[in-house]
Amino acid sequence: MKAIIIYESTHHGNTKKLVQAIAAKYHVETASIEGAESIDLSSYDRIGLASGIAFGKFYKRMEKFAEKIPAGARVFLLYTCGNPAGGYVKSITRTLEANGAKVVGNYGCKGYDTYGPFKLVGGIAKGHPTEEEIARAVEFYSKIRGKE
Ligand SMILES: Cc1cc2nc3c(=O)[nH]c(=O)nc-3n(C[C@H](O)[C@H](O)[C@H](O)COP(=O)(O)O)c2cc1C
């Protein structure tokens, strides 16, 4: 079982907290999206894509990176967002599935958000992800890591 999580967590490092907690418990490689293009993903049984949300989608660079995921790959998605309105995995899932990858699950939770006008009020989702939300991400991974 070989697994890797590629992450983009530029706003406050919120999503990276989920990634680090999973990697602390399970044997999972992690890599920032910078330079991830050079990784040969064909040898991994699980590929995680982890990102903050911007304008209703995974960050632009991650949405683009998803186009390069090989057909037949088993992918899971992790994200944090200021307002968990839902629908945030739709676009990237569509891209992955159009290229023949399979999305085996996704986990998302709130992440501290100081974008734009929220900055003026001290941000939203302060204190997120919480320890509990991080633990749930680890639990999510424990469930999907063996799923076909
Ligand atoms: C430019 C920008 C756009 C954002 N757009 C959304 C959005 O559409 N919906 C949402 O819930 N959060 C949005 N957020 C909040 C982030 O998704 C949230 O703070 C996330 O936890 C950041 O993750 P990171 O620290 O791992 O980068 C936005 C943040 C930024 C900086």
Side-chain angles (χ1 to χ4, degrees), residues 2-41 44-70 73-99 101-145 147:
K2 203 174 161 200
I4 188 167
I5 304 176
I6 317 284
Y7 63 86
E8 184 175 9
S9 183
T10 44
H11 190 39
H12 284 291
N14 297 327
T15 316
K16 195 173 176 182
K17 289 181 186 165
L18 310 184
V19 176
Q20 284 174 326
I22 291 168
K25 179 140 186 211
Y26 293 100
H27 187 72
V28 181
E29 292 171 40
T30 63
S32 166
I33 189 133
E34 279 117 60
E37 267 90 11
S38 61
I39 300 170
D40 175 13
L41 293 171
Y44 291 92
D45 304 299
R46 289 288 177 279
I47 301 167
L49 301 181
S51 169
I53 298 299
F55 313 113
K57 296 177 178 185
F58 276 45
Y59 289 155
K60 215 180 224 167
R61 197 164 175 182
M62 188 61 82
E63 291 272 345
K64 191 89 192 130
F65 184 77
E67 294 171 10
K68 300 202 182 89
I69 302 295
R74 298 279 185 269
V75 181
F76 60 97
L77 303 170
L78 296 166
Y79 66 91
T80 62
C81 60
N83 168 29
Y88 297 145
V89 299
K90 252 189 212 164
S91 165
I92 199 163
T93 298
R94 206 179 302 128
T95 302
L96 289 161
E97 290 182 348
N99 291 334
K102 188 178 177 196
V103 178
V104 297
N106 72 81
Y107 173 82
C109 67
K110 283 187 190 173
Y112 182 44
D113 178 7
T114 54
Y115 177 62
F118 296 133
K119 203 172 187 168
L120 304 173
V121 293
I124 59 168
K126 223 175 193 166
H128 293 271
T130 62
E131 288 305 318
E132 196 192 331
E133 286 164 335
I134 294 169
R136 268 195 247 130
V138 178
E139 195 189 326
F140 159 77
Y141 180 73
S142 78
K143 286 186 183 142
I144 62 91
R145 73 193 183 111
K147 205 162 143 187

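First listed ligand is number 1; within each ligand, the first listed atom is number 1.
- Checked by distance only, ligand 1 and S51 stay at 3.5 Å or farther apart across all their nitrogen or oxygen atoms.
- A donor-acceptor pair under 3.5 Å is absent between the side-chain atoms of D113 and the main chain of I124, judged by distance alone.
- When only interatomic distances are considered, the shortest N/O to N/O separation between G13 and ligand 1 falls below 3.5 Å.
- Within a 6.0 Å radius of NZ in K2, more than 12 heavy atoms belonging to other residues, nucleotides or ligands are found.
- Checking side-chain atoms of T80 against main-chain N and O of G111 turns up no donor-acceptor pair under 3.5 Å.
- Note that OG of S51 is 7.5 Å distant from CD1 of I33, once rounded to the nearest 0.5 Å.
- At under 3.5 Å, a nitrogen or oxygen of T80, whether backbone or side chain, sits near a nitrogen or oxygen of ligand 1.
- Using 4.0 Å as the threshold, Y88 has a heavy atom nearer than that to some atom of ligand 1.
- Looking only at protein heavy atoms, the nearest one to atom 5 (N) of ligand 1 is F55 N, 3.0 Å.
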Could you check E37 against K68 for salt bridge (charged side-chain N to carboxylate O under 4.0 Å, His left out), going step by step and ending with a plain yes or no? CA-CA 8 Å; E37 267 90 11; K68 300 202 182 89; 3.7 Å; yes
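- For F118, the CZ atom counts as loosely surrounded, since its 6.0 Å shell holds 12 or fewer non-hydrogen atoms of other residues, nucleotides or ligands.
- The backbone N or O of C109 lies less than 3.5 Å from no partner atom in the side chain of E133, so there is not a single donor-acceptor pair.
- Regarding atom 8 (O) of ligand 1, its nearest protein heavy-atom neighbour is G56 N, 2.9 Å.
- Protein heavy atom at the shortest distance from atom 31 (C) of ligand 1 is H11 ND1, 3.5 Å.
- Remark: minimum distance from atom 16 (C) of ligand 1 to any protein heavy atom is reached at I53 O, 3.3 Å.
- Not a single heavy atom of Y79 sits closer than 4.0 Å to an atom of ligand 1.
- Between H12 and T114, the closest heavy-atom pair is NE2-OG1, 2.8 Å.
- Contacts between Y115 and ligand 1 below 4.0 angstrom, taking non-hydrogen atoms only, involve the side chain exclusively.
- For atom 12 (N) of ligand 1, the closest non-hydrogen atom of the protein is G82 N, 3.1 Å.
- Considering each of N14, L18, D113, T10, the one bringing a non-hydrogen atom nearest atom 15 (C) of ligand 1 is D113.
- In this structure, atom 11 (O) of ligand 1 lies nearest to the protein heavy atom N83 N, 2.8 Å.
- Between S9 atom OG and K16 atom NZ the span is 7.5 Å, to the nearest 0.5 Å.
- Taking atom 25 (O) of ligand 1 as the reference point, the nearest protein heavy-atom neighbour is H12 N, 2.7 Å.
- Atom 22 (C) of ligand 1 has as its closest protein heavy atom Y59 OH, 3.4 Å.
- Going from atom CG of L78 over to atom CG of L18 covers 6.0 Å, rounded to the nearest 0.5 Å.
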